[in-house]
Q: 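One structure follows; several queries about it will come next.
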There are 2 protein chains.
Amino acid sequence: MTKSPDNNAEKPERISEAEHAVMEVLWDRGTASAAQVCEVVCQKREWSLATVKTLLSRLVQKGAIETRPDGRRFLYSPLIARAEYVGGESRRLVDRLFGGKAASLVAHLAETEALSEDDLSEIEALLKELKQ
Amino acid sequence: MTKSPDNNAEKPERISEAEHAVMEVLWDRGTASAAQVCEVVCQKREWSLATVKTLLSRLVQKGAIETRPDGRRFLYSPLIARAEYVGGESRRLVDRLFGGKAASLVAHLAETEALSEDDLSEIEALLKELKQ
DNA sequence: TCACAACGATTACGCTTGTAAACATTGCTG
DNA sequence: CAGCAATGTTTACAAGCGTAATCGTTGTGA
């Protein structure tokens, strides 16, 4: 195979906030054209189509999405999974603010009442399941 | 008076990553001079004293810290509490990535095994306490 | 066939961030 | 008293980001 076996330098080029908004659409749809992405986000963020195109280009450069030609346009689809991104971001936060201890994050959320009764029950259920 | 009396628009000017590193020192010490801050972070981040000074200035501008003259130098101290910052950042993450549902974050951490056995026990204990 | 519309690509531009050097002030030491 | 050293202030500058406008190409409808 041509793919060099060990060029996994894969340093996951940071995705910016605006870019992330675009990614969400692609994760949701799986695949979309620039116009379709715009339909979803341009209202919300008061963007123009041009802005969306710029963001898509940057995401391609960063290796976060890929393009497939579809007639005269491109269809864009994610190359990295949402879970991967979410995991990375969560980890960054936990590392930066909680010394890497995820439990500290949870503790903080609980203390500051960022967790509702429902949240607490939900987590409790989750724990039970994980522990069985 | 030239200083407008009611500019308490207190929108908490975003603290950048590098600035945050400086804040951590101030939160830890309570108060410190530029040189003292540098002693703590300049090794770790390979910064020069000049860099620390810039960051301190920016933090002052942003209203995140205050200065008190101490002889020929300044002592810097935090104006916002660490908990406040941490809470804000956590909330931002939860809003952006988990639709505002903190429980989803916890679920994600659990699923991706970002939570160790110890973490889980800890959280469990926490929950019990909160529910008393 | 020809202007136009739909696209991606290129270029733009001001703001923030990271990282610092240069400058100005001033207490201190020889 | 004259430099020097320590300190804050000002200026710098490249990269990244948010937000687009403009350019170039090409399928399409009149």
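No experiment lies behind these values; they were computed from the predicted model shown. Below, read A as the first sequence line, B as the second, and so on, with proteins coming before strands; counting in each chain starts at 1.
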Q: Quick one: A:Arg68 CZ to C:dC7 P, roughly how many Å, whole number?
A: 16 Å
Q: Rounded to whole Å, how long is the line connecting atom CZ of B:Arg14 with atom P of D:dG18?
A: 11 Å
Q: Fit a plane to each ring of A:Trp27 and A:Tyr85, take the angle between them on a 0 to 90° scale, and name the class: parallel (under 30°), tilted (30 to 60°) or perpendicular (over 60°).
A: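 Plane angle between 30° and 60°, so tilted.
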Q: Determine whether a donor-acceptor pair (one donor, one acceptor, N or O, separation below 3.5 Å) exists between the side chain of B:Ser48 and the base of C:dA20.
A: no
Q: Report yes if a side-chain nitrogen or oxygen of A:Thr51 is closer than 4.0 Å to either non-bridging phosphate oxygen (OP1 or OP2) of D:dA20; otherwise report no.
A: yes
Q: Where the side chain of A:Thr51 meets the backbone of A:Trp47, is there a donor-acceptor pair that is under 3.5 Å apart?
A: no
Q: Is any side-chain N or O of B:Arg58 under 3.5 Å from a base N or O of C:dG18, one able to act as donor and the other as acceptor?
A: yes
Q: Would you mind reading off the distance between B:Glu19 atom CD and C:dC15 atom C1', rounded to a whole angstrom?
A: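 Value for this atom pair: 14 Å.
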Q: Take atom CZ of A:Arg45 and atom C1' of D:dA20, then tell me their distance rounded to the nearest Å.
A: 15 Å
Q: Which part of the nucleic acid does B:Thr67 contact within heavy-atom distance under 4.0 Å: base, sugar-phosphate only, or nothing?
A: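 Result for B:Thr67 = nothing.
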Q: Compare side-chain N and O positions of A:Lys53 against OP1 and OP2 of D:dG18 and report whether any pair is under 4.0 Å apart.
A: no
Q: Figure out the CG/P separation between A:Leu55 and D:dA20, and round it to whole Å.
A: 10 Å
Q: Which nucleotide in the set D:dC17, C:dT17, C:dA20 lies at the smallest distance from any side-chain heavy atom of B:Lys62?
A: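 Ranking D:dC17, C:dT17, C:dA20 by closest atom to the B:Lys62 side chain puts C:dT17 first.
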Q: What is the nucleic acid contact for B:Glu46, judged by heavy atoms within less than 4.0 Å: base, sugar-phosphate only, or nothing?
A: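 Touches sugar-phosphate only.
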Q: Strictly below 4.0 Å, N to O, side chains only: are A:Glu89 and B:Arg96 in salt-bridge contact?
A: yes
Q: Nearest of C:dA20, C:dT19, D:dT26 to any side-chain atom of A:Arg72?
A: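 My answer, after comparing the listed nucleotides, is D:dT26.
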Q: Send over the distance from A:Leu75 CG to C:dA6 C1', rounded to a whole Å.
A: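 Those two atoms, CG and C1', are 14 Å apart.
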Q: Give the rounded distance in Å between these two atoms: CG of A:Asp70 and C1' of D:dT26.
A: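 That distance rounds to 15 Å.
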Q: Looking only at the side chains, is there a donor atom on one of A:Asp118 and A:Ser121 sitting less than 3.5 Å from an acceptor on the other?
A: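 Result is no, nothing qualifies.
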Q: Nearest nucleotide by nearest heavy atom, which residue falls closer to the 5' end of DNA chain D, A:Ala50 or B:Leu49?
A: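 Nearest-nucleotide comparison on DNA chain D picks B:Leu49.
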Q: Please state how far atom CG in A:Leu56 lies from atom C1' in D:dA20, giving the value in whole angstrom units.
A: 14 Å
Q: Closest-nucleotide mapping onto DNA chain C: is B:Ala18 or A:Phe74 further toward the 5' terminus? I mean the 5' end.
A: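 Closer to the 5' end of DNA chain C: A:Phe74.
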Q: Kindly say if A:Ser33 contacts the phosphate of C:dC7, meaning a side-chain N or O under 4.0 Å from OP1 or OP2.
A: no
Q: Does a distance-only test, which skips hydrogens and angles, find a donor-acceptor pair under 3.5 Å between the side chain of B:Arg73 and the base of D:dA6?
A: no
Q: Taking only side-chain N and O atoms of A:Ser57, does any of them lie within less than 4.0 angstrom of OP1 or OP2 on C:dG8?
A: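 For C:dG8, OP1/OP2 do not have a side-chain N/O of A:Ser57 under 4.0 Å.
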Q: Do other residues, nucleotides or ligands put more than 12 heavy atoms under 6.0 Å from B:Glu17 CD?
A: yes
Q: Thinking salt bridges, do A:Asp95 and A:Arg92 make one under a 4.0 Å N-O criterion?
A: no
